[in-house]
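Reviewing the structure listed below.
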Amino acid sequence: MESQVSDKLCLRTNEKRYDVCTFEFKVENGKITGACSSGVSSSISQKTDFINKTVMPLVLLITMPNFVIVLWYTVIHCNGIYLKMLSVFTEKSVFSGMSYIWSLARSPSPVIIWSLVLYGVYALAMMKLLPGRTVFGPVTSKGNVPVYKDNGFIFFVLTMILFWTLTLLLRPFGISPSMYYDKFDEMIVTLNVCSLLFCFALYLKGKLAPSSTDSGSSGNIIFDYYWGMELYPRIFGFDVKVFIICRFGLMIWALMVCIHAVKSYELHGFVDSIFVSALLQIIYLTRSFWWEAGYLATTDIIVDRAGFYLCWGCMVYVPVLYTLVTFYLVTHPVHLGLPVSAVLILAGLLSLFINYEADLQKQKVRKTNGECLIWGQKPDIIRAKYQLETGETKENILLISGWWAVSRHFHYIPEVIITLLWSFPARFENLLPYSHIFFLLVLLIHRSFRDDRKCRQKYGTFWSQYCERVRYRIVPHLF
Ligand SMILES: NC(=O)C1=CN([C@@H]2O[C@H](COP(=O)(O)OP(=O)(O)OC[C@H]3O[C@@H](n4cnc5c(N)ncnc54)[C@H](OP(=O)(O)O)[C@@H]3O)[C@@H](O)[C@H]2O)C=CC1
Ligand SMILES: CC(C)CCC[C@@H](C)[C@H]1CC[C@H]2C3=CC=C4C[C@@H](O)CC[C@]4(C)[C@H]3CC[C@]12C
């Protein structure tokens with residue numbers, strides 16, 4: 001026999017009645033179980049939920065596609081000066097300011113559309129054709145183990161070789177990749193439209209034909225579109241997230257930086273500032289592709305679903321915001337000199353090494369089941385147990401040595417430093433080249449909170465033990 005009773009505890013003041021707590025009792029096979037849910041806290045959590053799952057996604061969905069074209073407008077029409085760009089909005093209204101900026105962006109010409117289509121087909125074909133070992137992603141909460149082909153690095157090297165070979169071969173015929181700089185507005189329009197439609201297609205796919213059990217609706221259509229429905233959708237056997245993040249977002253980032261360097265060379269000859277910035281970014285991306293198999297075990301792949309956040313982010317936000325410094329440097333050449341260039345490059349290499357070493361330490365300790373040396377010593381670890389949604393119990397190692405003993409996300413510091421180092425060649429006349437840093441800081445701080453919440457939910461007291469041992473989130477003694 002089963003029955004359910006609920007009652008309310010109310011607080012009365014002269015003017016108002018507050019529902020403080022709702023008691024819910026369940027009688028199940030003669031046993032009484034009960035719980036009290038606070039009305040005040042549940043209404044607060046409803047409001048937070050509404051802000052996080054409806055208001056914030058809506059704000060990002062509306063503002064971000066406009067923001068990228070504003071960045072283009074600021075560089076091309078306002079000499080990279082934000083104040084000049086803002087005058088469009090102060091002189092007109094926000095709405096007519098935006099319409100004016102969009103009216104300056106040209107509709108996509110066939111060369112842009114075809115270039116993007118051909119690039120997409122090439123990248124997809126290479127995903128299948130290039131050799132690579134099989135790697136297994138971490139087991140998901142539903143108990144699935146995604147399988148990938150680790151051929152990102154070879155794809156990156158091949159694409160770079162093809163780009164530079166074609167650039168040199170086509171030069172005598174007056175064909176230059178710098179046309180993508182000249183037509184960047186057309187590219188932004190095309191990418192914006194295609195990515196918004198693609199996210200809608202992913203939403204429908206997730207609803208009608210999900211690839212795995214790691215999918216489902218939150219019950220809120222805005223959030224489903226923004227966040228996505230599936231953890232790792234596959235279309236004709238192609239992994240959508242690997243394609244969009246690594247083969248599209250990261251590769252277009254690398255290509256755009258090279259295109260900016262070519263354009264700068266055509267305009268001014270060799271300029272060391274754009275060379276240093278481009279070189280640091282290409283080294284950073286070389287490492288990212290080299291480490292692609294490791295990346296498949298990070299938040300973007302194991303937690304975040306394929307929706308607007310990741311897909312629009314990697315199809316539009318990365319190609320525009322992450323390449324902003326070299327885009328700006330094309331029209332703002334600066335002579336740095338050898339000593340400054342050398343310091344920036346060496347400091348960049350050191351930051352990248354620290355960031356990479358931290359990623360490797362975490363990977364190594366898990367791969368060897370703790371039987372390895374970290375900074376020459378046997379690592380301190382916690383064997384954290386967690387449960388899958390299927391009820392199966394699993395175990396993961398939490399490392400408390402090396403960089404993971406300094407703070408819980410120490411590797412974000414060298415990530416920020418290298419981004420600063422490839423922005424410094426733009427000097428300090430304008431804020432615009434530092435926009436990427438600003439957004440990266442917001443992203444990483446938010447990510448550190450999100451990751452802590454995820455790990456606390458996953459590992460419970462084991463995570464609390466880790467947090468007691470490693471007290472700071474990112475910056476030791478500060479944050
Ligand atoms: N340029 C950019 O835009 C960005 C770059 N990055 C870079 O990407 C890389 C990956 O970063 P990110 O995705 O944030 O994830 P992290 O590398 O911080 O990984 C977080 C996950 O690692 C596991 N973990 C946490 N603490 C420990 C520990 N002490 N020992 C072992 N495992 C632990 C947990 O996953 P589990 O469930 O497996 O336990 C946790 O969810 C970094 O190099 C970062 O700098 C990141 C964000 C943005
Ligand atoms: C919608 C937007 C407001 C936000 C979009 C954010 C995403 C585009 C980015 C979120 C996390 C970013 C990345 C994480 C880790 C990475 C590993 C590194 O080696 C290369 C860069 C990157 C893939 C990076 C790329 C952009 C994000 C996916």
Side-chain angles (χ1 to χ4, degrees), residues 56-57 59-61 63-65 67-68 137-141 152 195 199 226-227 241 244-246 249-250 253-254 281 284-292 294-304 307-319 321-322 351-352 354-366 370 374 379-382 384 386 394-416 418-419 436-437 439-444 446-448 450-459 462-463 466-467 469-470 474:
M56 282 312 288
V59 169
L60 290 172
L61 284 169
T63 54
M64 296 312 282
F67 173 63
V68 284
V139 54
T140 68
S141 55
S195 61
C199 294
Y226 169 79
W227 192 240
K241 272 160 71 175
I244 295 291
I245 301 174
C246 306
L250 294 193
W253 172 3
Q281 294 184 55
Y284 173 90
L285 287 163
T286 309
R287 180 219 94 123
S288 298
F289 279 98
W290 179 253
W291 180 69
E292 192 180 280
Y295 175 67
L296 298 174
T298 65
T299 314
D300 302 329
I301 305 292
I302 60 176
V303 181
D304 300 351
F308 173 89
Y309 172 78
L310 269 186
C311 296
W312 180 87
C314 288
M315 286 174 79
V316 190
Y317 183 81
V318 170
L321 192 77
Y322 284 45
S351 310
L352 197 59
I354 295 175
N355 176 272
Y356 187 49
E357 199 194 20
D359 284 331
L360 277 190
Q361 286 179 344
K362 189 181 70 167
Q363 216 179 323
K364 187 168 151 195
V365 79
R366 287 196 175 171
I374 299 287
D380 209 350
I381 57 171
I382 294 176
Y386 66 99
K394 292 257 173 195
E395 189 186 279
N396 259 346
I397 289 179
L398 294 175
L399 176 63
I400 326 179
S401 295
W403 296 112
W404 298 87
V406 183
S407 66
R408 302 203 287 277
H409 302 275
F410 181 79
H411 57 324
Y412 288 171
I413 298 178
E415 179 83 37
V416 169
I418 189 168
T419 311
H436 178 193
I437 274 287
F439 281 91
L440 183 66
L441 281 174
V442 174
L443 183 103
L444 292 178
H446 178 245
R447 203 172 166 94
S448 73
R450 207 153 68 83
D451 194 58
D452 273 7
R453 208 179 319 126
K454 171 221 140 185
C455 290
R456 178 152 292 118
Q457 255 169 25
K458 182 171 176 180
Y459 299 119
F462 295 105
W463 188 254
Y466 174 57
C467 293
R469 299 278 303 273
V470 185
I474 302 178

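Whatever order the structure lists ligands and atoms in, that order sets their numbers, starting from 1.
Numbered from 1 in the order shown, with element, the atoms of ligand 2 that lie under 4.0 Å from a heavy atom of Gly313 read 5 (C), 8 (C). Atoms of ligand 2 found under 4.0 Å from any heavy atom of Arg287 (numbered from 1 in listed order, with element): 19 (O). Near Tyr295, with a cut-off below 4.0 Å to any heavy atom, the atoms of ligand 2 are 15 (C), 16 (C), 17 (C), 23 (C). Of all the atoms in ligand 2, the ones that sit under 4.0 Å from a non-hydrogen atom of Val318 are 8 (C), 26 (C).
When only non-hydrogen protein atoms are considered, atom 19 (O) of ligand 2 lies nearest to Ser288 OG, 2.9 Å. The protein atom (non-hydrogen) at minimum distance from atom 3 (C) of ligand 2 is Met64 CE, 4.0 Å. The protein heavy atom nearest to atom 11 (C) of ligand 2 is Arg447 NH1, 3.4 Å. For atom 13 (C) of ligand 2, the nearest protein heavy atom (residue, atom name, distance) is Asp300 OD2, 3.7 Å. If you check which protein heavy atom lies closest to atom 27 (C) of ligand 2, you get Tyr322 OH, 4.4 Å.
Under the 4.5 Å side-chain criterion, counting only non-hydrogen atoms from C-beta, Trp404 is not in contact with Val365. No side-chain heavy atom of Tyr295 sits less than 4.5 Å from a side-chain heavy atom of Ser288. Using a 4.5 Å cut-off on side-chain heavy atoms (C-beta onward), Leu444 and Val416 make contact. Side-chain contact check for Asp300 versus Arg447: some heavy-atom pair is nearer than 4.5 Å. In this structure, the side chains of Trp403 and Ile374 stay at 4.5 Å or more apart for every pair of heavy atoms.
In this model, a donor atom of one side chain and an acceptor atom of the other lie less than 3.5 Å apart for Glu415 and Tyr284.
Protein heavy atoms are absent from the space less than 4.0 angstrom from atom 24 (C) of ligand 2.
Using a distance-only test at 3.5 Å, with no hydrogens or angles considered, a donor-acceptor pair links the side chain of Lys241 to the main chain of Ile301. Remark: side-chain polar atoms of Arg408 are paired, donor with acceptor, to backbone N or O of Val470 under 3.5 angstrom. Judged by distance alone, with hydrogens and angles left aside, the side-chain atoms of Ser401 form a donor-acceptor pair with the main-chain N or O of Asp380 at under 3.5 Å.
Within a 6.0 Å radius of CH2 in Trp291, other residues, nucleotides and ligands contribute more than 12 heavy atoms. The environment of CZ in Arg450 is crowded: more than 12 heavy-atom neighbours from other residues, nucleotides or ligands sit within 6.0 Å.
Protein residues are said to neighbour a ligand when one of their heavy atoms lies under 4.0 Å from it; for ligand 1 these are Tyr284, Arg287, Trp291, Thr298, Thr299, Tyr322, Asn355, Asp359, Lys362, Arg366, Asn396, Ile397, Leu398, Leu399, Trp404, His409, His411, Tyr412, Glu415, Leu440, Leu443, Leu444, Arg447, Asp451, Lys454, Cys455, Lys458, Tyr459, Trp463, Tyr466.
A perpendicular orientation is assigned to the rings of Phe439 and Tyr317, their planes being inclined by more than 60° (bins at 30° and 60°).
For the ligand labelled ligand 2, residue Tyr284 lies inside the 4.0 Å heavy-atom shell.
Heavy-atom proximity to atom 7 (C) of ligand 2, evaluated over Tyr309, Trp290, Phe308, is greatest for Tyr309.
Every N/O-N/O distance between Tyr317 and ligand 2 stays at or above 3.5 Å.
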